[in-house]
Each structure stands twice: as structure tokens, then as C-alpha cells.
There are 2 protein chains.
Amino acid sequence: MQITRAGEYAIMGATCLARRGLGKAVMIHEVCKEEHIPRSFLAKIFQALTKAGIVRSQRGIRGGFTLARPSAEITVLEVLEAIEGKLAFDRRLQEPASCHDTHACTLCDLFTEAQHRVREIMGSTTLADLTRPKAEVMKRIQGGNLHNGNGPRARALQTI
Amino acid sequence: MQITRAGEYAIMGATCLARRGLGKAVMIHEVCKEEHIPRSFLAKIFQALTKAGIVRSQRGIRGGFTLARPSAEITVLEVLEAIEGKLAFDRRLQEPASCHDTHACTLCDLFTEAQHRVREIMGSTTLADLTRPKAEVMKRIQGGNLHNGNGPRARALQTI
DNA sequence: GGTAATTAAGACCTTTTTAGTCCTCTTTTC
DNA sequence: GAAAAGAGGACTAAAAAGGTCTTAATTACC
Ligand code: SF4
Ligand code: SF4
């Protein structure tokens with residue numbers, strides 16, 4: 001139940017590019033140094049992000065990586081799934097029809113909902129959001145007013 | 001980013017005990033057969049649940065396992081964490097103070113919130129809930145009116 | 001008290017995944 | 001054409017997942 005390093009590094013790396021601005025080519029080396037990520041590992045990760053159309057690469061002298069789109073249009077979920085594959089809390093939620101008996105078991109329904117909640121927040125948080133000042137980000141994330149705003153949400157479950 | 005088989009089996013196994021009722025000793029063998037879980041693997045899992053005070057064991061002839069408390073007082077989160085350890089989306093959220101630089105990085109704040117949402121639903125769903133008819137469970141889970149009820153929540157993000 | 005049935009405990013095993021590295025291309029700029 | 005990037009693929013070590021197996025310790029019942 002943990003995000004892999006690869007996924008984590010992908011988000012950090014992409015956020016790093018977001019901070020540099022669109023169109024500015026940044027070398028792997030620079031990103032690695034800034035975010036403390038092993039160089040050849042990040043190279044692999046950025047390769048995958050390139051294929052996924054999230055970043056663009058430029059070879060040769062003065063080459064590097066840059067975001068393929070404005071950072072406000074790239075969600076954290078998108079980056080994560082480009083590396084880890086589609087988010088699935090349970091193997092049975094990846095490919096359906098593996099339910100051995102369609103009787104009264106409701107476990108996958110619970111998993112689906114939990115997963116949905118994660119997708120909700122990850123899918124509505126963009127790289128641009130992550131580059132904003134901490135206080136602002138916290139307020140946005142915890143306020144619960146995502147892009148379909150529905151007021152401040154209850155925080156009564158803090159202790160759970 | 002997946003729940004392990006052990007965690008999954010733990011919930012299924014405990015739910016199976018919940019269906020039999022409090023105090024009724026059920027042998028591992030029976031649970032395994034019903035839920036399609038390898039016998040010796042479930043034995044290990046139930047052993048851990050026993051130590052965690054979630055189930056009670058009885059050795060010898062006519063022995064078996066039973067829930068240690070009413071099923072309505074045992075949350076899915078509790079069972080899951082007894083097996084997998086405390087839920088943590090990122091290694092850095094398990095033990096704090098591993099933040100190499102406390103600068104403007106807000107990634108862990110996002111992870112914390114995502115994790116919180118999972119705890120919210122897993123922590124408010126009990127084994128008793130899982131034994132109820134499917135339609136009823138779905139309604140409860142998706143309605144969003146958990147034990148601190150705050151009305152039906154927006155489902156606009158269905159497509160995310 | 002003996003025996004059969006049941007869980008407890010821990011050592012052990014195999015496969016898969018994670019977290020990388022390394023080497024050889026290819027592309028691009030100067 | 002030389003130097004400086006990334007692309008691609010093969011490879012690897014360590015850890016985690018997903019179990020099994022064997023030897024106890026209990027307990028009910030005859
Ligand atoms: S809902 Fe229950 S029976 Fe169906 S696939 Fe999920 S765990 Fe298995
Ligand atoms: S908030 Fe950012 S810098 Fe701090 S531990 Fe998390 S990822 Fe690292």
C-alpha cells in the first residue's frame with residue numbers, strides 16, 4: 001500500500017520541470033541534484049513520461065526535458081499512472097470478471113470507493129498546484145473545494 | 001499501490017467469522033474453503049489477528065476462531081493495519097523527520113490528505129457493514145454519510 | 001490418562017517486484 | 001566531426017510477497 005520510488009520521483013521530477021517553466025530545457029543531471037534522485041533511475045522514469053506525452057525531450061548539446069503542456073494541465077494522478085500503471089487497490093479491480101462468485105461479497109465495492117477518493121484528489125491536483133506556497137496548497141487540499149467546489153468538508157475524522 | 005493478499009484475506013476471513021456470529025468457533029479449514037484462501041496462509045494471518053485482539057482462538061477439538069468483539073465494533077481499517085502495518089502512502093509518512101529539506105515541497109501534504117481519505121472510509125466501515133446486502137452497502141458507502149453524516153457527496157468526479 | 005483434533009510458532013522456500021546500474025546507440029549542436 | 005545530451009535494452013542485487021512445512025502446545029472426549 002505504498003507509492004513506489006519511481007512514482008514519487010516522477011512527481012518530484014515533473015514538479016521540478018514545472019518550476020522552471022514551460023519550454024525551458026532542463027538536464028536530468030540538474031533535476032537529480034535538486035531532488036536527490038539517482039541519475040540513471042530518473043533517466044528511465046523521464047523516458048516513460050516522454051512516451052506518455054507528459055514531458056518532451058531534446059537530445060544533444062543544450063538538450064534536456066521540459067513539460068509537454070502547461071503545468072496547470074497536468075495532474076499528479078496522470079504522472080503517477082504513467083509510471084505505475086492504472087491505480088488499483090486490488091488486483092481484481094484491474095481486470096473485472098475475476099469475481100469467483102458474484103454472491104453477496106461487497107469488499108471490492110469498498111475498495112472501489114476508497115480508490116475513487118484517492119483518484120479524486122490526485123486527479124484534481126496539478127503540478128502547478130504543487131509549486132505554490134505551502135500554506136496555500138494546504139488550504140486548497142484540505143478545504144475540499146476541488147474544481148467542483150462543495151464547501152469545506154467535515155474534518156471530524158481526524159483521529160481515525 | 002495495492003493491498004496485499006494477506007490484507008485482503010484478513011478482511012475476508014474476519015468477515016466470514018462475522019457472518020457466523022459472535023462466540024461461534026469456526027475452524028480455519030471452513031473459512032478457507034468458503035473464501036478460497038490457502039489454509040496455512042490463513043493460519044498465519046489469523047494468528048496475527050489474534051495477537052492484535054481482533055479474533056480469539058480456541059485450540060483442540062471443537063476449537064477454531066471467533067471475533068473478539070461484535071462485528072459492528074471492528075473496522076476494516078483495523079483489520080488491514082493489523083496485517084499490513086499502519087497505512088502509509090509514502091515511506092516518509094511512516095516516520096516523520098525524514099524530510100531532507102523543509103523547503104517548499106508539498107508532496108507529502110498531498111499524500112497525507114489522500115491517505116486520510118482512505119482511512120476515513122476504511123475506518124468507518126465495519127465488518128458488520130460488509131455482511132449486509134450489497135445494495136445497502138453500496139448506498140451507505142457511496143452516500144458519503146458516514147458516522148458523522150454530512151449529506152450526499154458530489155459525484156461529479158466519476159470520470160477522473 | 002491417552003488420543004485425536006485443533007491452533008501456535010517459527011524456520012524455510014520460491015517467485016515477483018523494486019530500485020536501480022551499465023553499456024551501447026542515436027540525435028543534436030557547435 | 002567532436003562533444004553533449006537523451007533512448008533503449010540488458011542486467012542485477014535486495015527486498016517483499018506469498019506461501020509451505022515441521023514441530024510444538026492445548027483441549028475435548030473416551
Ligand atoms: S467483490 Fe468480493 S467476491 Fe467479488 S471479486 Fe471482490 S473480493 Fe472477490
Ligand atoms: S514534503 Fe517533500 S521534501 Fe518533505 S519529505 Fe515529503 S517529499 Fe520530501
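Quick note: numbers below take in every heavy atom, side chains included, and nothing from hydrogens, waters or symmetry partners. Here is how names work: the chains are called A, B, and so on, in the same order as the sequence lines, proteins then strands, and each is numbered from 1.
If you check every strand for non-hydrogen atoms under 4.0 Å, A:Phe65 touches sugar and phosphate atoms only.
Taking a cutoff of 4.0 Å between a charged side-chain nitrogen and a carboxylate oxygen, B:Arg39 and B:Glu30 do not qualify as a salt bridge. Taking the charged nitrogens against the carboxylate oxygens, A:Arg69 and A:Glu73 have no contact shorter than 4.0 Å, which rules out a salt bridge. Salt-bridge annotation for A:Arg119 and A:Glu81: present, with a side-chain N of the basic residue lying under 4.0 Å from a carboxylate O of the acidic one. Salt bridge present: A:Arg117 and A:Glu113 bring a charged side-chain N and a carboxylate O closer than 4.0 Å.
Atom CE of B:Met1 is separated from atom P of D:dA16 by 17 Å (rounded to the nearest Å). When the C1' atom of C:dT17 is taken as reference, atom CZ of A:Arg91 falls 16 Å away, rounded to whole Å. Rounded to whole Å, the distance from CD on A:Gln47 to C1' on C:dT26 is 12 Å. In this structure, A:Met27 places its CE atom 17 Å from P of D:dA3, rounding to the nearest Å. Taking atom NE2 on B:His29 and atom C1' on C:dA5, their separation rounds to 13 Å, with Å as the unit. For the pair B:Asp90 CG and C:dA19 P, the computed distance is 10 Å after rounding to whole Å. One atom, CD of B:Glu30, and another, C1' of C:dA5, lie 13 Å apart when rounded to the nearest Å. In this entry the distance linking CD of B:Gln2 with P of C:dT17 reads 10 Å, nearest Å.
The backbone N or O of A:Met122 lies less than 3.5 Å from no partner atom in the side chain of A:Thr125, so there is not a single donor-acceptor pair. Remark: the backbone N or O of B:Thr4 is paired with a side-chain donor or acceptor of B:Glu84 at under 3.5 angstrom. A:Thr106 contributes a side-chain N or O that, together with a main-chain N or O of B:Leu130, makes up a donor-acceptor pair within less than 3.5 Å. A:Gln115 places a side-chain N or O within 3.5 Å of a backbone atom of A:Phe89 that can act as its donor or acceptor partner.
For the segment residues 3-11 of chain A, the set of residues with a heavy atom within less than 4.0 Å of an atom of DNA chain C comprises A:Thr4, A:Arg5, A:Tyr9, in numerical order.
With A:Ile74 as the partner, the side-chain contact (heavy atoms from CB on, under 4.5 Å) test is satisfied by one option alone out of A:Val79, A:Leu17, A:Thr15, A:Thr126: A:Val79.
In this model, the phosphate group of D:dG6 is not approached by any side-chain N or O of A:Thr50 to a distance below 4.0 Å at OP1 or OP2.
Between A:Ser124 and A:Thr75, every side-chain heavy-atom pair lies at or beyond the 4.5 Å cut-off. The shortest distance between side-chain heavy atoms of B:Val55 and B:Thr66 does not fall below 4.5 Å.
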Check nucleotides 21-23 of chain C for protein N or O atoms closer than 3.5 Å to its own N or O atoms and list the pairs.
| unit_1 | atom_1 | unit_2 | atom_2 | d |
| --- | --- | --- | --- | --- |
| C:dT21 | OP2 | A:Ser40 | OG | 2.8 |

Which atom pairs link the protein and nucleotides 27-30 of chain C when you take only N or O atoms and keep those under 3.5 Å?
| unit_1 | atom_1 | unit_2 | atom_2 | d |
| --- | --- | --- | --- | --- |
| C:dT27 | O4' | A:Arg59 | NH1 | 3.1 |
| C:dT29 | OP1 | A:Gln58 | NE2 | 3.2 |

